[in-house]
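Here's the structure, in structure tokens; my notes come after.
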Amino acid sequence: MGQLCGRCMQLLRDFVAFVQRMSSDLVHSVKECLILISKCSCLKQNSSKTRQLYKPILQPHERVTAQEFLQHIETGFEMSPLGKDPLEALRTLAFSENPGLQQSAALYYLHMSQHMNIPLPVEHLEPFYALLRSADLEVQQMSSLSLVNFLLEGHIDKELVVQMGLLEPILDLLESEDPTVQCNSCACIMTLAVSESNREAIGAARGVTPLLSLAKSYDPRVQQNAVGAILNLTQSEKIQQVLCKEGALPLLALLLESPDSEVQYYSCAALSNVAANVQHHKALLRPGDRFLLRTLISLLSSSVDKVSSQACVCLRNLAISADIQAEMVAENVLSKLCSLLASGSEDVRRASIALLWILSQHLHNQDTLACAELLQSLGMLLSVHKTDPVIVGHTACIIKNLSLSKNRQRIMESRCIEGLLQTMLSTDTQEDSLRYVTSCLAELAKQEGATLHMVQWMDEHLTKCLVRLAGQLEHTESSFQAASIIQHMIGHEKMMLLWKHHIGEIQAYLKNFLTHREIRFQQLGISTFCRLRKDPEFSLAFRKSQMAKLLEQVRQQTEETQELLKAAICHEDS
């Protein structure tokens, strides 16, 4: 074979150099591509697949531990699961790279969480970190479920879980592709978020974003727990700010239409918490878009009591302005609330009456609310639930708000006055609600027509009750209002006959009123005395009890006060 000439040799050398350059560029490009792929988060999420490409070597000490662990179980290890030896075994198995050993530890924790009725010692939380970090899906499922069980049963201190550093792996599991792991990790967050310090830790660890993502899940279990976790987080004002920035409010509003009643309830309760903060109302009720308001009103008709009850609460928190209230009334909220007043659920009745109370405070709503349907419902509510302080108190306030001159006739035609009077006879009536009842009746009694209606229902029991309330000293407001009702009824013959059975008690409270430090009590006492004195029996009793001397003392004190006031005014003018 002949030798190559110089020209061909040079061409060959150029070709080799070209190939070398191309190879170098190709290798460099391949390396860059592999580096970029290795940094992608998809590989981190699916690290369990890469781990399965090789079979972890079973270390000698792990083999011994596994054998001893099995022997402990066979010889009654379950009778003392929290001893030192079992803990060391669980640690060894949990921190092993062998999935089978980790599965054994996770399975045992799951068994303990389902059968143990005592708190889990702090040192037993340490293996959870390795189990939750495991690349094995079954280990993740079992360890997260056992942690949920321990938390729900109260066998683990919730704040200690966060302090031990378990929050981070729990939050990482939110990004798992497995619905079971997602469900369990959401349940963990929901349970942990009942503590304020835990809520702050979850917010600081940016746990809100993955929860909002899982709130859109098509798996009902995952969605329920994710929205439940968001609900507990909304108890923190800081988290509310984060949720608003992350666009959670439109999502929660849409979830109100979920076919799942649990999701509806959690979403509604979360929105109620946010709505309790006025600064979020603008975001909740955007101008020109009242989707949330209409959806909440539609939920009042829900067949699930806790959903309709929570819808009332949310509407009540939103109803701070006359404009929003007007929109609620325009959306036929009144008829729905009347239906809820007859509910068999105490929570529903209380929530609906509280919303009605808010609506009754604005003058523009009062004529609409003072309809026969609502007033009859209020009267029935008082007669049936006269011992419920929330029902009684709110109902009395509503009737008082509606007792304008043009609405009083409607109130008298209903069972409201009868219901209010009957509640005073209940020994279970609390002081706050009793004060509202007497205040309402005293306001109604200022009009003669209402007083006549009240007199029709008065009997010996009610008369005795009013006198007793007027005479009690510890609750001054109820005492004053009861005495005011008595004063307005004095001119009626039926009442004078009834009052005469209590002359001594009436004189006693009048003496207290005349010496009271508040001027309104003194004035009411004097006014009542003047009206009763027209009756011969009362006049004789007053003379015998020397009421005149007491009145003289009041007169002298009044004159002295007047002189001091004159001197003070003259000095000020000069």
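By convention here, the first residue in the shown sequence is residue 1.
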Can we say Arg410 and Glu413 salt-bridge, meaning some charged N sits less than 4.0 Å from an Asp/Glu carboxylate O?
-> no
Does some side-chain heavy atom of Gln481 sit less than 4.5 Å from a side-chain heavy atom of Leu441?
-> no
Using modelled atom types only, decide if a donor and an acceptor are shared between the side chain of Asn198 and the backbone of Leu192 within a distance under 3.5 Å.
-> yes
State whether the side chain of Lys386 and the backbone N or O of Ser383 hold a donor-acceptor pair below 3.5 Å, judged by distance alone.
-> yes
If only atom types and distance count, is the side chain of Asp388 paired as donor or acceptor with the main-chain N or O of Ile391 below 3.5 Å?
-> yes
Answer whether the closest heavy-atom distance between the side chains of Met547 and Leu514 falls below 4.5 Å.
-> yes
Mind running side-chain hydrogen bond (donor to acceptor under 3.5 Å, both in side chains) on Gln223 and Ser217 for me, showing each step along the way?
-> CA-CA 5 Å; Gln223 188 177 50; Ser217 172; over 6 Å; no
Closest non-hydrogen contact found for His501 with Glu460 is ND1-OE1, 4.2 Å
Going from CG on Leu285 to CD1 on Ile324, what distance comes out if it is rounded to the nearest 0.5 angstrom?
-> 4.5 Å
Does the Arg349 side chain pair with the main chain of Ser343, one donor and one acceptor, at a distance under 3.5 Å?
-> yes
Expected output: side-chain Ser298 to main-chain Thr295 donor-acceptor under 3.5 Å = yes
Evaluate the side-chain proximity of Leu256 to Gln264: yes if any heavy-atom separation is below 4.5 Å, no if none is.
-> no
So, are Arg555 and Glu559 salt-bridged, with charged N and O less than 4.0 Å apart?
-> yes
Please report the closest heavy-atom contact between Ala483 and Tyr509, naming both atoms and the distance.
-> CB-CE1, 3.8 Å
Provide the closest heavy-atom pair for Leu231 versus Ala270 in the form atom of the first, atom of the second, distance.
-> CD1-N, 3.4 Å
For the residue pair Phe513 and Phe480, does the interplanar ring angle fall in the parallel (under 30°), tilted (30 to 60°) or perpendicular (over 60°) class?
-> parallel
Other residues, nucleotides, ligands: >12 heavy atoms within 6.0 Å of Lys336 NZ = yes
Between Gln366 and Asn407, the two heavy atoms sitting closest are O-ND2, 4.1 Å
Least distance between heavy atoms, Leu462 atom then Leu421 atom = CD2-O, 3.1 Å
So, Ser267 side chain and Val263 main chain: donor-acceptor pair closer than 3.5 Å or not?
-> yes
Given side chains that start at C-beta, do those of Leu444 and His453 come closer than 4.5 Å, heavy atoms only?
-> no
Contacts of His362 that satisfy ring-ring contact (aromatic ring centres under 6.0 Å, His included) - sequence neighbours left out | none
Would Ser527 and Gln487 satisfy side-chain hydrogen bond (donor to acceptor under 3.5 Å, both in side chains), going step by step from the backbone distance to the final call?
-> CA-CA 8 Å; Ser527 173; Gln487 192 261 1; 2.6 Å; yes
Side-chain contact test, heavy atoms from C-beta onward, threshold under 4.5 Å: evaluate it for Met458 versus Leu466 and give yes or no.
-> yes
His492 side chain to Lys494 main-chain N or O, any donor-acceptor pair under 3.5 Å?
-> no
Residues Leu300, Leu315; criterion side-chain contact (heavy atoms from CB on, under 4.5 Å); working and verdict | CA-CA 10 Å; Leu300 296 178; Leu315 287 169; 4.0 Å; yes
Nearest 0.5 Å please: distance from the CD1 atom of Ile189 over to the CZ atom of Arg199.
-> 13.0 Å
Does a salt bridge link Arg520 with Glu477, judged by any charged N lying under 4.0 Å from a carboxylate O?
-> yes
Test: Glu327 and Arg290 ion pair at under 4.0 Å | yes
What distance separates Ile358 CD1 from Cys312 SG, expressed to the nearest 0.5 Å?
-> 12.0 Å
To the nearest 0.5 Å, atom CD of Gln522 lies from atom CG of Leu510 at 13.0 Å
Determine yes or no for a side-chain-to-main-chain donor-acceptor pair under 3.5 angstrom, with Glu262 supplying the side chain and Gln224 the backbone.
-> no
Side chain to side chain contact (heavy atoms under 4.5 Å, CB included), paired with Ile417, selected from Met454, Arg408, Gln422 = Met454
Arg435 bridged to Asp432 by N-O distance under 4.0 Å | yes
Tell me, yes or no, whether the heavy-atom count around Met380 atom CE, taken from other residues, nucleotides or ligands under 6.0 Å, exceeds 12.
-> no
Between Cys338 and Glu373, what is the shortest heavy-atom contact and its length?
-> CB-OE2, 3.7 Å
Atom pair OG (Ser377) and CG (Leu341), whose distance is rounded to the nearest 0.5 Å = 5.5 Å
Stepwise side-chain contact (heavy atoms from CB on, under 4.5 Å) check, Leu540 with Glu537 | CA-CA 5 Å; Leu540 178 61; Glu537 291 186 42; 5.9 Å; no
Approximate separation, where rounding is to 0.5 Å, of Ile230 CD1 and Leu251 CG | 6.5 Å
State plainly whether the residues Glu443 and Lys400 are in salt-bridge range, i.e. N to O under 4.0 Å.
-> no
State whether Glu552 and Lys549 are salt-bridged, where the test is any N-O pair (Lys NZ or Arg NE/NH1/NH2 against Asp/Glu carboxylate O) under 4.0 Å.
-> no
Leu452 side chain near Glu448 side chain, heavy-atom distance below 4.5 Å | yes
Ser414 side chain to Gln376 side chain, donor-acceptor N/O pair below 3.5 angstrom = no
Compute whether any side-chain donor of one residue and acceptor of the other, for Ser545 and Gln507, lie under 3.5 angstrom apart.
-> yes
Donor-acceptor contact below 3.5 Å, side chain His385 vs main chain Leu381 = no
Counting only heavy atoms not in Glu493, do more than 12 fall under 6.0 Å of its CD?
-> no
Over 12 foreign heavy atoms within 6.0 Å of NZ, Lys238 | no
Derivation of the side-chain contact (heavy atoms from CB on, under 4.5 Å) call for His394 and Arg350 | CA-CA 9 Å; His394 280 104; Arg350 288 184 168 189; over 6 Å; no
Give the intermediate values and the outcome of side-chain hydrogen bond (donor to acceptor under 3.5 Å, both in side chains) for residues Ser478 and Glu431.
-> CA-CA 8 Å; Ser478 297; Glu431 170 54 28; 2.7 Å; yes
Looking only at atom types and distance, does a side-chain atom of Asn317 sit under 3.5 Å from a main-chain N or O of Ser272, one as donor and one as acceptor?
-> yes
Are Leu359 and Ile398 close enough that some pair of their side-chain heavy atoms sits under 4.5 Å apart?
-> no
Is it true that the NZ or CZ of Arg533 lies under 6.0 Å from the centre of Phe542's six-membered ring and within 45 degrees of the ring axis?
-> no
Evaluate side-chain contact (heavy atoms from CB on, under 4.5 Å) for Ser308 paired with Leu299, printing each intermediate quantity in order.
-> CA-CA 6 Å; Ser308 57; Leu299 286 182; over 6 Å; no
Taking the side chain as C-beta and beyond, is there a heavy-atom pair between Cys186 and Leu214 under 4.5 Å?
-> yes
For Asn332 and Ser335, does a side-chain donor sit closer than 3.5 Å to a side-chain acceptor?
-> yes
